[in-house]
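Take a look at the structure below.
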2 protein chains.
Amino acid sequence: MATEQPAKTRTTRQGLWVLEILNESDSFMSAQQLHAKLVAKEKTIGLATIYNRLRALAEAHEVDVLRTEAGEALYRRCGVDGHHHHLRCRRCGNVEEVESAQVETWARSLAENAGFIDISHTIEITGICAACHG
Amino acid sequence: MATEQPAKTRTTRQGLWVLEILNESDSFMSAQQLHAKLVAKEKTIGLATIYNRLRALAEAHEVDVLRTEAGEALYRRCGVDGHHHHLRCRRCGNVEEVESAQVETWARSLAENAGFIDISHTIEITGICAACHG
DNA sequence: TTACTTGCAAACGGTTTGCATCGAG
DNA sequence: CTCGATGCAAACCGTTTGCAAGTAA
């Protein structure tokens, strides 16, 4: 393994703040929510910077990205190791993680059988959670 | 309490055009692509109308909607009966349909066990197809 | 006739970008 | 000192909406 250092990302105060917030939370958040959290912490940072950092992190696969039905992007720090999917309540927005080796296998072999390579997949299950329809 | 009005959608020339295009194609398309196809057929119709129709159709579950990574909405006529998912090539954009009762069951029971109701799900598998990496 | 539909144009909301300035290396 | 990072403001882009005119029922 090469001691790859192509990541020429400079260490800036703002960049660290963004990571800090991402690390503090274990659920998806939008760029604007992240910005709000920093403002709440009295950190001065521009929205543009957040979008820049987030895009860089996404390209480097350091965060996972998903889109809400409204077209808004949600980000979350997500180790490449723990691949999983989400069960989200459409009412309260709460997200639970979901894993299933079976489904992972199904998706992979299906695509392989079709001659695909470099396979990836996304699964989103939504509904109204018990607390919300109780 | 509920003054339920049934679908009181008027039959208009434009509404029919939109359905016509949706019926002609068996793959997802954006509102703008749909508009372009109508223009190509010398049909005069406003983009706003297409968005209106499409939104109404989506609310009535007459079309399926999904979002591209770029946040653009794609629509497709899709009978409620034939629920299926997609295997898409990231290079050529080709889409194949995929079905699996197993996975449908898995998704449903998973959400039910978590106490969810009104469950729905989306699965997107992507990769590079045989023709593209051959 | 009634009131839903159309469609132009303007508003919107999330995201990206131009560019002058800041600051890490 | 250099060159990437920052962030305000403005551009972008897909989508929604206000409203006057058109039209199905």
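Just so it is clear: chains get the letters A, B, ... in the order the sequence lines come, proteins before strands, and each one is counted from 1.
Residue contacts for B/T44: at a heavy-atom cut-off of 4.0 Å it reaches the sugar-phosphate backbone alone, with no base atom in range. Residue A/G71 is out of contact with every strand shown, counting any heavy-atom pair closer than 4.0 Å. B/T11 comes within contact range of the sugar-phosphate backbone alone, with a heavy-atom separation under 4.0 Å but no base atom that close. Counting non-hydrogen atoms under 4.0 angstrom, B/T12 reaches the backbone sugars and phosphates but no base.
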Steps toward side chain to side chain contact (heavy atoms under 4.5 Å, CB included) verdict (A/V18, A/Q14): CA-CA 6 Å; A/V18 169; A/Q14 291 88 337; 5.7 Å; no
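Atom CG of B/L47 and atom P of D/dT16 are 11 Å apart (whole Å). Between the CG atom of A/L38 and the C1' atom of D/dG7 there is a distance of 14 Å, rounded to whole Å. Note: CZ (B/R53) to P (D/dA24) measures 13 Å, nearest angstrom. Per the geometry, CD belonging to B/Q32 stands 10 Å off P belonging to D/dC13, to the nearest Å. Rounded to an integer number of Å, the gap from CZ of B/R10 to P of C/dT5 is 6 Å. Going from atom CG of B/N52 over to atom C1' of D/dT16 covers 8 Å, rounded to whole Å. Separating the NE2 atom of A/H35 from the C1' atom of C/dG13 is a distance of 16 Å, rounded to the nearest angstrom. Going from atom OH of A/Y51 over to atom P of C/dG18 covers 18 Å, rounded to whole Å.
Along DNA chain D, the nucleotide closest to B/L74 and the one closest to B/R13 are compared, and the more 5′ of them pairs with B/L74.
Counting only heavy atoms from C-beta on, A/A73 has its side chain closest to C/dT15 among C/dT6, D/dC8, C/dT15. Comparing D/dG7, C/dG7, C/dG14 against the side chain of A/I45 picks out D/dG7 as the nearest. Closest to the side chain of A/A48, out of C/dT17, C/dC8, C/dT15, is C/dT17. Ranking D/dT16, C/dT15, D/dT6 by closeness to the B/R55 side chain, first place goes to D/dT16.
In terms of heavy atoms, B/H133 sits closest to A/F116 at NE2-C, 4.5 Å.
For the pair A/Y75/A/L57, no side-chain contact is recorded, criterion being any heavy-atom separation below 4.5 Å from C-beta on. Residues A/R53 and A/T9 have side chains in contact (heavy-atom distance under 4.5 Å, counting atoms from C-beta outward).
One finds no salt bridge joining B/R67 and A/E69 here, because no Lys/Arg side-chain nitrogen approaches an Asp/Glu carboxylate oxygen to under 4.0 Å. Ion pairing between a basic and an acidic side chain is recognised when a charged N comes within 4.0 Å of a carboxylate O; A/E24 and A/K41 show such pairing.
Hydrophobic clustering of Ile, Leu, Val, Met, Phe, Trp and Tyr side chains at less than 4.5 Å, counting indirect connections, unites A/I123 with B/I119.
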Please table the atom pairs, donor to acceptor, closer than 3.5 Å between any side-chain atom in residues 107-115 of chain B and protein atoms at least two apart or in another chain.
{"residue": "B/S109", "atom": "OG", "partner": "B/T105", "partner atom": "O", "Å": "3.0"}
{"residue": "B/S109", "atom": "OG", "partner": "B/W106", "partner atom": "O", "Å": "3.3"}
{"residue": "B/N113", "atom": "ND2", "partner": "B/S109", "partner atom": "O", "Å": "3.2"}

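Each end of the helix from C/dT1-D/dA25 to C/dG25-D/dC1 gets its own rotation axis from five pairs of C1' atoms, and the angle between them is 30° to the nearest 10 degrees.
The phosphate of C/dT5 has neither OP1 nor OP2 within less than 4.0 Å of any side-chain N or O from B/Q14.
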